[in-house]
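Data block below; observations after.
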Amino acid sequence: MRRRRAPLPSSPSRTQSVYDMTLAAPSSIRDRTQEFSAILQSARASHNKPPAPLGTAHVPPRSDFTRLAAQVGKDIQQTSVKLAKLTKLAQRRSLFDDPTAEIQELTYIIKQDIQALNSKLTDLQRLRDATRRSANKQAGDHSENVVHSLKGRLGATAEGFKKVLKMRTDSLAAQQDRRSHFMSTQTNTSMFSTPATSVALDLGQGSLGSTATSFQPVQPPAPGGRHTALVTAPRESTYHQARADAVRQVESTIVELGQIFNQLATMVSEQGELVERIDANVDDTVTHMNAGQNQLMIYYNSIAGNRALILKVFAVLLVFLVVWTVIL
Amino acid sequence: MNSSLQLPNLSVRARQRDALLQMLSACTAGADALEDNNDVWKVLIYDSVGRDIIAPLLQVADLRAAGVTLHMMLHASRQPIPDVPAVYFVEPTKENVTRVCSDSAKGFYASLWVNFTNSISRDLLESFADKLATVSNPSPFAGRIARVYDMYTSFLSLEDNLFHLNLPGSYVALNAPNVTDSEVEATIKSIVDRLFCLIVTLGVAPIIRAQRGGPAMHVARMLEQRIREHLISSNNIFSEALSFAAAPAERPLLVIVDRSADMSVMLHHTWTYQALAHDTLGLKLNRVTVPMKDENNTMGEVRKRVFDLDKSDSFWEKNAGLPFPMVADAVENALQLYQKEVADLNRSAGSISGEPIDPESATLKDGAKTSKLAAAISSIPELSKKKRTIDLHTNIATAILDQIKDRGLDGFFQVEEELLMRPSTFDVERILALLRNMKGTVTDKLRLFLVYYLCVDNATEDDLKKCVTALETAGCSDLNAYGYLKSIRAFTKKVSAIPTAPLAASTSIGSGYAASVLDTLSQVASNVNKLIISADKAFAASRIVQTLMDRKGDTSILEEYETLDPKAPKGSVPPAAARPSKEAVLFIVGPGNYIEFQNCQDQVCSKVVQEGKTTKFVPNGKTVIYGATELCTGSEFLDQLQKSGGSTAAS
């Protein structure tokens with residue numbers, strides 16, 4: 001898609017090397033920049049001004065807000081790359097080649113990322129509030145929307161994360177089932193259930209943005225679990241398994257409830273933007289208001305001019321009147 | 001290379017949308033190379049022309065997804081946002097250019113990406129540069145013009161196969177007797193400009209077939225010239241597209257037809273949903289304003305609500321072209337379906353609290369239940385969207401029904417239908433009866449009369465006089481349109497050279513229908529059975545396109561339309577391609593409407609399938625894009641005719 005575009009034959013020189021590395025316009029769009037800049041250079045020359053190239057060659061100094069927002073955007077991007085990797089890992093359903101350690105590690109990293117991003121977003125919001133207090137409403141709206149879109153993206157990422165973990169939990173449960181079919185009841189069950197549950201515990205905490213939720217770090221698997229499972233009698237082991245199952249059920253229920261509340265929250269926030277169109281006549285109204293105000297100003301000016309004249313005429317009349325009465 | 005160029009069918013809407021998205025992403029991609037930062041937010045600034053182009057294609061949510069945080073009018077008061085790039089999407093005019101320059105001088109935005117809706121002329125570009133050179137920029141960083149693009153998007157695409165050029169009053173501008181030649185030239189030039197945009201957007205140089213004599217030929221010749229120039233120039237805009245669109249059979253046909261080929265369709269009353277929405281409620285840019293009746297408000301105050309009708313609305317997508325009573329039926333069905341779904345949802349989610357808890361398997365069951373609840377919750381947004389759609393269409397259908405009742409549109413439709421089908425044996429008394437009836441506005445009556453006049457060649461002076469008297473007693477004082485049509489007929493008999501054909505989807509309604517005043521939508525639905533769709537009726541425009549695409553049939557049409565091939569060497573006789581074309585663009589020089597559009601889709605692009613008692617249109621692989629200089633309702637077109645007639649009287 002992105003191709004170098006051959007320079008126009010009219011281009012005077014290759015000074016604007018910036019343009020050579022730009023994207024090729026799609027077939028229906030035609031880049032007139034070179035033509036324009038050629039004309040502009042000659043126009044500047046005729047006005048005795050130093051030639052200055054077009055383009056964004058000089059990066060303007062950017063505000064803290066923009067920098068931070070760009071940073072967050074990039075981080076979210078990276079996190080979603082990691083998430084894609086995790087998804088791929090979690091989709092593996094092989095019984096023997098189970099990348100548990102890798103998944104654990106990635107899960108931990110992504111969790112950390114999301115946590116960090118969340119706190120960064122809070123910072124961003126604080127910055128936004130600071131800029132909002134200034135008089136420039138449009139700049140405020142802009143940063144508001146930036147924060148909003150970042151929040152949306154982080155929300156989507158967290159949602160994806162959650163889905164992957166859910167999938168992982170399910171597949172672990174399935175694996176465990178299969179294993180218990182093949183192996184004796186003595187085999188350790190809590191070894192597999194513990195990492196899954198410790199992951200699942202954090203799922204409910206998805207509410208983003210307004211309240212800075214702190215994600216709980218992963219609890220390391222309880223060291224005693226394995227030991228106990230190995231030494232106890234088979235009867236006790238089934239009891240433990242039943243307990244573990246029960247606990248997991250409760251946990252997943254909590255998780256699902258958490259999801260529900262989350263969805264309710266996002267639903268409410270999304271309602272607003274769903275069906276808007278740009279020609280909702282708001283801007284038209286503003287333009288017309290401005291035009292109206294301009295007309296009023298013109299009228300006011302003309303009236304003001306007349307008023308001065310009227311006052312002068314009256315003053316002259318009054319003077320005459322006084323003089324006349326005094327003389328008579 | 002570019003996937004969007006290899007769409008199986010031509011779709012104006014998708015292509016224009018792609019172009020706009022590319023415009024928005026250009027700014028990000030450019031910054032990417034320079035700043036190593038892959039999401040840049042931007043503000044979008046447009047004038048009214050740009051706004052109309054964007055509005056039907058991209059909603060606010062789409063813009064947000066493309067990184068646009070704010071969208072503003074060019075001439076509204078704006079405040080500086082210094083570290084954001086701004087994308088301008090404006091018509092190339094002096095005023096706009098001046099404003100862009102002043103924005104640049106004030107350093108409003110980090111960089112300015114200027115996109116013109118149409119190709120900016122060299123003169124204007126020079127004056128733009130000149131202005132920019134004279135203003136001094138206080139900031140060394142902000143406010144630079146980053147790029148200047150020609151977008152070639154100066155037309156409005158409302159549906160996949162429907163566009164118009166947004167040139168209101170085009171019929172008057174082209175046909176009124178008091179318009180000077182230079183004014184006509186200017187109008188034709190702007191038509192050609194915009195039509196060229198369409199062709200550039202489609203990315204293929206078409207083979208042009210144009211009606212001889214009249215403005216259509218004019219437009220065709222200028223357009224051919226324009227395409228030729230672009231094909232010759234070194235950096236031609238078609239170069240990419242043409243490489244794989246070389247075979248003539250794969251190039252679309254551009255059929256250019258004069259409005260005079262078929263005038264009656266513009267005045268005809270209609271019976272399909274979309275066309276009714278246009279004719280009675282003024283559907284514009286895919287949105288419709290419906291007066292709402294408020295039950296609580298007895299003061300007679302009318303609240304207005306605006307609805308969007310576009311591709312995202314599946315109900316609209318399915319039913320837009322159907323006759324109105326069938327739509328009423330469909331609304332009813334959709335509502336029932338929705339209610340059933342809600343009931344299902346309630347049952348599955350509501351059982352949680354209702355069931356006694358079994359202590360043995362409590363945990364397991366709870367898990368199942370919550371997952372059900374979760375599923376229920378996640379289906380709520382979809383359901384509420386469905387509900388909104390149904391509400392919307394109920395409102396619109398009710399509003400249309402009110403209009404039909406008030407104006408007796410069914411009567412008009414029925415009579416006009418018969419008039420179009422059997423013009424020779426039509427009894428003038430039926431028209432007189434309608435003209436003398438209390439129902440119907442003056443405009444409706446005048447439209448009926450004009451359709452009668454256009455369709456019936458051998459109407460006696462006496463009959464016409466009777467009608468005119470009836471119209472005058474009905475309160476119609478302005479008969480300029482009649483005078484105008486009369487003068488046209490006197491001047492040339494060509495109006496009827498192409499026999500005015502009756503329309504598609506002609507539905508004859510049981511006579512009891514008109515009598516019974518309909519109160520509810522379900523009653524309308526019950527009348528569906530009385531509808532008989534006769535599917536073999538095509539309007540003149542549809543028949544012309546069909547004949548030209550198939551290259552067989554009515555030879556008078558084939559001869560009347562001249563072939564212009566911009567790719568063939570100049571002066572050579574274009575070879576008659578043996579294979580019929582699959583794709584065509586039908587362009588009407590003058591106003592068009594939804595009836596003709598729908599007829600075209602039904603007749604040319606579909607084949608009729610009989611399914612029991614109902615008739616269905618099934619796509620047959622052909623694509624016809626319908627376009628006109630503007631979309632006009634019947635009364636708007638009548639207005640234009642009146643104006644044309646008025647100027648005759650004046651001159």
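Numbered from 1 within each chain, the chains take letters A, B, ... in sequence-line order.
Looking at B:Val84, the atoms closer than 4.5 Å to chain A (heavy atoms on both sides) all sit in the side chain, from C-beta outward. Interface residue B:Pro80: backbone and side-chain heavy atoms are both found under 4.5 Å from chain A. Proximity to chain A (any heavy atom under 4.5 Å) is shown, for B:Phe116, by neither the backbone nor the side chain.
Evaluation of the salt bridge (charged side-chain N to carboxylate O under 4.0 Å, His left out) rule for B:Asp130 yields no partner, not counting sequence neighbours. For B:Lys131, there are no salt bridge (charged side-chain N to carboxylate O under 4.0 Å, His left out) partners two or more places apart in sequence or in a different chain.
Residues B:Leu44 and B:Leu63 form a side-chain contact, since some pair of their non-hydrogen atoms from C-beta on lies under 4.5 Å apart.
For the pair A:Arg32 and A:Glu35, the salt-bridge criterion is met [side-chain N within less than 4.0 Å of a carboxylate O].
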